Amino acid sequence: DTGGSARSDAVLLRACLRSLSLLAARMLLLAALTYRPTRTPLRSCQLAPYMQQPQEVPAEGGEVLLVATGLAQTFDGQRYPFRDIELSLARGAKVGLVGSNGVGKSSLLKVLVGADAPERGSVKLSRDVQLAYVEQDPTLPDGALAEEFFYGSELPGFAALREFSAAAAEVEAGGGEGVAARLQRASDAMDASGAWALESEMRKLCERLNVRSLLRSEATSLSGGQRKRLALAAALLAKPDVLLLDEPTNHLDISGIGWLEAEISSLRDTAVLLVTHDRAFLSAVAREIVELHGSSLWRHRGSYEDFLEAKQARLEAQGQQAAAARNLYRRELAWVRKQPKARESKSKSRLERFEGLGATVAAAPPPPQAVELEAGMQRLGTSVLRFEAASCTRGERNVLSGFSYDFSRGDRIGLVGPNGAGKSSFLLAVLQQLPLEGGRVVAGETVVYGHYSQEGLQVDDGEKRVLAFVREAVADGHEAQRGEGGRLGGDEAERRAGQLLRQFLFPQHRWATPVGRLSGGERRRLQLLSVLAKEPNVLLLDEPTNDLDLDTLAVLEDFLLAFQGVLVVVSHDRYFVDKVCSQLFVLGGDGDVRRWPDSFTRWVEWKRLQDKQRVTGSTRDQQRAAAAPSAPPPPAAPPQPQASEPAAGKALSAFEERRLASLEGELAALGDAEAALQQRINTFDAARDGYSDLQDWTAELETLQAKVADTEERWLALAERA
């Protein structure tokens, strides 16, 4: 039966399809159950065999400018900040380098730039590639002037600029014979190398970073922030092919950071590798994140937020794989212990595998640690701290002018403003270490200050061991709180010191390290530890995020959120201030302190809107002034008809004359409305007005300005014929 045969074939076919579908579903389920997400590092430090073997990830972008192969570095022959890593930078790449404090980020940059030699491996630059590097704490030799940050460069044009500067200085000093000839030769060299444009750009950069007046000063007399800004200006001026930056946002205010974001983003042909703690800056600039972790480099494409997600998946995968290896090791260990002596020769291969598995487990990366800050706090009474019409100056700067505020338990205040506005001086006024010229500061009897200064950790003896330093800090803090006779005994002080060091992720083998040999981030952590050891109830933090790694920052934020005392923070880190502060004090540098009851990010947005409207309003005023009719100056001679001039247009009709007069009245009314609305925006007060009001006013102003522009065009079209 043909029909029956066909039906049988159809049934058989459907059965086969169902079987295949079931098989495919089982395969998908099996794949899902056995899948382990992995992230491929550039090249890992001998990852354990149970983990996916790393592969080199090619550089993203255009021409490869720098290639590091098989780099390894060690300072004691046992611990390696990085080992057998590979890294490449392509033209135009913007890469952020992250990792825990002391992991070796700065050491890696120094090896890449050639300042330090690696234990093994090589770094190669493409032909004619120029490289610039701004280290974390730039220095110059004793006696060198600050201008040597620029003139010390070997890049094209700088030699001519250096010679011209020296010749000009000699002329100003009234030099002897041959000075004029030297200046002429230097000027000719400037012409030949095109260094005049370089000198002009140098002047602009120095003005933008507020360091132009420092060029003839001795470098050793400058602060760390001034030297950092000079070195940053010199590196940007060089327009290198490869730019390495170590904590470039340190000592910059929020406007300077925004400017630097734009500068780096505009370097389309420059490969940039930067180390920074500023997460907002990192998110704005980096298109790729490279993490130094466990002596290996791990590359993550995309933004900082993408990196956090990818890292979480990577750590989960590593944890699952390491746990599986440890379980297998325990089973094999039990088998080895029960193995009869008589059968050992028959199981030699399994014993060898067991020994290899032990090495694998030992090499597995440890689970990620977390900093758990559990500092206590002294009791804080109802009377905390009160400013009463306080006025003070520091040098020629007016810090406070009639400032009054009553601090309360739980206040969380961020101090913001441009460099030089007096933020650090405000903290000194809180500490009553800055003399007042008027008013007073009244502190409650139970107030215990904790001051984390921007200058960093001050240690008289750099050879003092870490444990001894912390032990003294704990004992001193305990004695200061409880008076004479309240000093802790040696054993108890050492116990508490060890507890704090573990909480701050100082491994025990680092406790005997001299403080002077710690990395910048480790010194910052130690400084923070010494402040919290006093158990303060009024905590003053001056740029606490500088040089701290991202993991420590996240945990510090959690600790500060749980802090029940008074918190006053100076920081340019928008993420940090947004998270730990509930209001801002905005210092303008003229003694005025304005309160902003919202986030730092909102304030930055408002400030940009205000600056934009100020520029737009100024431009509009200039355009209106140019368009307004004015009497021409009297001619020197009677004007002569010019054959080339077009004939005059048709005269205005009576209606057009009335319309012209009407448009002039409309322009005057629109101008008044625009000025009134601009004044409302300029005098915006967040304590009185809502942020939504500001947005409405800004939208209204943009609509009004568009109407003004349209009315001006119609007025001009008629005025030209009048």
Side-chain angles (χ1 to χ4, degrees), residues 40-49 51 53-57 66-89 95 97-125 131 133 135-137 244 246-247 273 275 290-299 318 322 356 358-369 462-467 501-502 504-526 547 549 551-552:
T40 307
L42 297 177
R43 185 175 177 183
S44 178
C45 160
Q46 297 182 4
L47 282 178
M51 296 182 61
Q53 287 300 312
Q55 302 169 2
E56 181 182 354
V57 178
L66 179 148
V67 177
T69 306
L71 286 185
Q73 184 67 291
T74 180
F75 300 106
D76 58 7
Q78 296 179 351
R79 288 177 291 274
Y80 284 79
F82 47 88
R83 181 165 57 183
D84 298 333
I85 64 171
E86 297 188 3
L87 174 67
S88 58
L89 293 176
V95 183
L97 175 60
V98 301
S100 302
N101 290 142
V103 76
K105 302 184 296 294
S106 297
S107 298
L108 177 57
L109 292 186
K110 289 178 181 178
V111 168
L112 293 177
V113 81
D116 288 344
E119 181 78 11
R120 61 176 178 270
S122 63
V123 178
K124 294 181 180 178
L125 293 174
L131 187 149
Y133 168 51
E135 58 187 318
Q136 195 170 136
D137 185 18
L244 307 182
D246 196 349
E247 296 290 358
L273 177 63
V275 174
V290 175
E291 183 185 18
L292 185 56
H293 175 74
S295 302
S296 306
L297 278 182
W298 300 80
R299 184 188 293 270
Q318 288 179 341
T360 294
V361 171
Q369 292 179 288
E463 292 301 312
K464 179 175 290 185
R465 309 295 173 173
V466 168
L467 180 60
L501 285 168
R502 280 187 289 271
F504 277 80
L505 285 186
F506 279 98
Q508 196 156 355
H509 69 264
R510 298 288 282 171
W511 295 5
T513 303
V515 173
R517 298 183 191 177
L518 296 177
S519 71
E522 287 175 317
R523 288 174 64 90
R524 280 290 187 176
R525 249 192 294 163
L526 194 62
D547 305 322
D549 62 68
D551 292 336
T552 304

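Not measured: the values here are computed from a predicted model.
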CG (Leu273) and CG (Leu108) are apart, to the nearest 0.5 Å, by 7.0 Å
Distance-minimising heavy-atom pair for Leu109 and Tyr133:
CB-CE1, 4.0 Å
Results of side chain to side chain contact (heavy atoms under 4.5 Å, CB included) for Gln508 - residues two or more places apart only:
Trp511
Testing the basics here: between Arg523 and Val515, what is the closest heavy-atom pair and its distance to 0.1 Å?
NH1-O, 3.2 Å
Test item: Ser519 side-chain N/O and Glu522 main-chain N/O as donor-acceptor pair under 3.5 Å:
yes
Under 3.5 Å, is there a donor-acceptor pair between the side chain of Lys105 and the main chain of Gly99?
yes
Quick check for you: to the nearest 0.5 Å, what is the distance between Leu87 atom CG and Leu66 atom CG?
6.5 Å
From Leu297 CG over to Glu291 CD, what is the distance, rounded to the nearest 0.5 angstrom?
9.5 Å
Can Asp84 and Arg120 be counted as an ion pair, charged N to O under 4.0 angstrom?
yes
Within the structure provided, determine whether Pro514 and Lys464 are in side-chain contact (heavy-atom separation under 4.5 Å).
no
Determine whether Leu292 and Phe82 satisfy the following criterion, side chain to side chain contact (heavy atoms under 4.5 Å, CB included), listing intermediate values before the conclusion.
CA-CA 8 Å; Leu292 185 56; Phe82 47 88; 3.9 Å; yes
Closest heavy-atom pair and its distance - Arg510, Arg517:
NH2-O, 4.3 Å
Please check: side-chain N/O of Ser295 versus main-chain N/O of Arg83, any donor-acceptor pairing under 3.5 Å?
no
For Ser106 and Asp246 the tightest heavy-atom approach is OG-OD2, 2.6 Å
Find the distance between OG (Ser296) and CD (Glu86) and round it off to the nearest 0.5 Å.
11.5 Å
How about Val103 and Asp549: do any of their side-chain heavy atoms sit closer than 4.5 Å?
no
Distance in Å, Leu244 CG paired with Leu89 CG, rounded so as to fall on 0.5 Å steps:
7.5 Å
Just to verify, which of Leu71, Val67, Val113 counts as forming a side chain to side chain contact (heavy atoms under 4.5 Å, CB included) with Val123?
Leu71
